[in-house]
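The model shown is predicted, which means the values in this text are computed figures rather than measured ones.
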Amino acid sequence: MPRLSEVIAALDNLWPAERAESWDAVGTVVGEPDQEVTRVLFAVDPVQEIVDEAVKLGADLLVTHHPLYLRGTTTVSAATFKGRVVHTLIKNDIALHVAHTNADTADPGVSDALAGALDLNVVRPLVPDPSDPAGRRGLGRVCELPHPLTVRELAARAAERLPATAQGIRVAGDPEATVRTVAVSGGSGDGLFDHVRAAGVDAFLTADLRHHPVSEARAHSPLALLDAAHWATEWPWCELGAAQLDEISDRNGWDLRVHVSKTVTDPWTAHAASAPTSSAMGAPN
């Protein structure tokens, strides 16, 4: 069985920490370098529910996309929910490793996994990494559809292919407009509108879209916007990362058992649709 330090070295080769944004907190959070690793669990969020799942599974290593302590802390007291996560991990000899923005821009990375889930053909990064001479790394992806779809059909595909959440898929734009090219970005993407417009795509699928950026984007162009749940757009990366680690395990004869959590940790738990209204009715008083 490999030691944790060997597995972490392999993960660092996939997602080097130096490629993370300066504000990010990636890498190994807890874990004894010499401990043996036999079972690994991938998940989006390092929350208590996922840690409890890792304990039940008998995992030695939990790999998550989101950091546990993004902005630092002065305590790991078990009286706090994040401190309780740390205590549970250490008591059960489970290491925690985070790959966040260094996985976003990787080749392949978070947006490649999102594009793959939707059967989109990746053409290039939306925001290329200038340090990559091959031009394959970067944030987001510009994609082509194998066959044109309407915005409505693309939204239905996203709702079907991505993990189910209370939010589903929100759409801004003409539902019957034709889509041939799509930009995708896993996670929060409304800071990328300038790049999306420059790419000249028909639609942009991402998460966490806000009112004013969407309103301004729609005023600029007929670009269709599809807004999915943040967690749902990043979960496909867990399957990609698990497959990559599986391949490394086979190549090295490690015989790791690699799992992907299907626990929904999206914080939104319910959705109540508005009653259909006529545009002539206007807003309520």
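When the salt bridge (charged side-chain N to carboxylate O under 4.0 Å, His left out) test is applied to Asp24, no partner is found at least two apart in sequence or on another chain. Checked against ring-ring contact (aromatic ring centres under 6.0 Å, His included), His66 has the following partners two or more places apart in sequence or in another chain: His100, His230. Remark: Arg71 pairs with no residue by the side-chain hydrogen bond (donor to acceptor under 3.5 Å, both in side chains) rule, at least two apart or across chains. In this structure Asn252 satisfies the side-chain hydrogen bond (donor to acceptor under 3.5 Å, both in side chains) test with no other residue, sequence neighbours excluded. The side-chain hydrogen bond (donor to acceptor under 3.5 Å, both in side chains) search around Trp231 returns Thr265, not counting sequence neighbours. Scored by the side-chain hydrogen bond (donor to acceptor under 3.5 Å, both in side chains) test, Thr165 finds no partners at all (sequence neighbours excluded).
For residues 124-146, no pair satisfies ring-ring contact (aromatic ring centres under 6.0 Å, His included), with sequence neighbours left out. Among residues at least two apart or in separate chains, ring-ring contact (aromatic ring centres under 6.0 Å, His included) pairs with a member in residues 183-209 are Phe193-Phe204. Residue pairs meeting the salt bridge (Lys or Arg N to Asp or Glu O under 4.0 Å) criterion with at least one partner in residues 208-220, sequence neighbours excluded, are Asp190-Arg210.
Summarising the hydrophobic clusters (Ile, Leu, Val, Met, Phe, Trp, Tyr; side-chain heavy atoms under 4.5 Å, direct or chained), the residues clustered with Leu70 are Trp23.
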Would you be so kind as to tabulate the donor-acceptor pairs closer than 3.5 Å made by side chains of residues 111-124, with sequence neighbours excluded?
from	atom 1	to	atom 2	distance (Å)
Ser111	OG	Gly186	N	3.2
Asp112	OD1	Arg141	NE	3.0
Asp112	OD2	Gly109	N	2.8
Asp112	OD2	Arg141	NE	3.1
Asp112	OD2	Arg141	NH2	2.8
Asp119	OD2	Arg161	NH1	2.8
Asp119	OD2	Arg161	NH2	3.4

Atom pairs and distances, donor-acceptor, side-chain atoms in residues 86-98, under 3.5 Å, two or more places apart:
from	atom 1	to	atom 2	distance (Å)
His87	NE2	Val76	O	3.0
Thr88	OG1	Gln48	NE2	3.2
Thr88	OG1	Arg84	O	2.8
Asn92	ND2	Thr88	O	2.8
His97	ND1	Thr28	N	3.4
His97	ND1	Thr28	OG1	3.0

